[in-house]
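For reference, positions follow the sequence shown, starting with 1.
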Amino acid sequence: MQDNVILPKPEVLLRLMLFHGISRHSATQLCPDAWTDFDTATGPTFQYGTEHTLTLFAPEPEQGRYVVAMIPYLRHVLHPNNPNLRVPLVTIYFADRDLWPLFDPLTEEDLSPLLVDQRERSGWSDSWFGRPDDQ
């Protein structure tokens, strides 16, 4: 019997964060960064306002419903196994579904520093993106 499993291409590191309370100023990383394909990390799966069921394992396993509470944040970091290579890291910020209605809507002021930072760090303009330092 053949299994139909499609593994994502390891193109992007994905980081999942959970906001504390109803503030977008404090968050905790939910799990270690994981490799995924670019379309999953930046496509409709994790669009602002989408709901997801997540299982949190600390301190006890607990499953809950969470909402993406910020636009995905793209930046570049050193590859975890090759310090001469930079790779994209997409950070997804979640809020507890029960707290989601209490969040203030995103404003241009909330997004401006984030969007500027993404443009400045974008791999599309970074001459070192995806290249060893010696090239």
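Expressed to the nearest 0.5 Å, how far CD1 of Ile22 lies from CG of Asp98 amounts to 13.0 Å. Taking CE of Met17 as the start and CD of Gln29 as the end, the distance is 6.0 Å to the nearest 0.5 Å. The distance from atom OG of Ser23 to atom CG of Asp104, rounded to the nearest 0.5 Å, is 9.5 Å. For the atom pair Cys31 SG and Leu14 CG, the distance stands at 7.5 Å (nearest 0.5 Å). Note that OG1 of Thr53 is 5.5 Å distant from CD of Gln63, once rounded to the nearest 0.5 Å. Note that the CG atom of Leu106 and the OH atom of Tyr48 stand 3.5 Å from one another [nearest 0.5 Å].
Taking the six-membered ring where the residue is Trp, the centroids of Trp35 and His79 are separated by under 6.0 Å. A ring-centre distance under 6.0 Å is not found for His25 and Phe19.
Residue Met70 comes nearest to Val68 through the heavy atom pair O-CG1, 3.3 Å, listed as atom of the first residue, atom of the second, then distance. Scanning all heavy atoms of the two residues, the minimum distance from Pro72 to Val90 falls at CB-CG1, 3.9 Å. Smallest separation of non-hydrogen atoms from Thr40 and Phe46: O-CD1, 3.4 Å. Between Trp100 and Gly49, the shortest heavy-atom contact is CZ2-CA, 4.3 Å. For the pair Leu74 and Pro88, the tightest heavy-atom approach, listed with the atom from each and the gap, is CD1-CB, 3.8 Å. Between Leu30 and Phe94, the closest heavy-atom pair is CD1-CD1, 4.3 Å.
Under the 3.5 Å distance criterion, the side-chain polar atoms of Arg15 are left unmatched by any main-chain donor or acceptor of Ala34. In terms of modelled atom types and a separation under 3.5 Å, the side chain of Glu11 and the main chain of Phe38 share a donor-acceptor contact.
The side-chain heavy atoms of His76 and Leu89, taken from C-beta on, include no pair separated by under 4.5 Å.
Counted within 6.0 Å of CD on Glu62, heavy atoms from surrounding residues, nucleotides or ligands total 12 or fewer; the atom is thus considered open.
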Exercise. Run the side chain to side chain contact (heavy atoms under 4.5 Å, CB included) check on Ile92 and His52 step by step: do they pass?
Worked result: CA-CA 12 Å; Ile92 308 295; His52 300 267; over 6 Å; no

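Cluster membership for Leu85 and Leu78, using ILVMFWY side-chain heavy atoms within less than 4.5 angstrom, is not shared.
Put simply, the residue from Leu13, Leu16, Thr91, Val77 that forms a side-chain contact (heavy atoms from CB on, under 4.5 Å) with Asp33 is Leu13.
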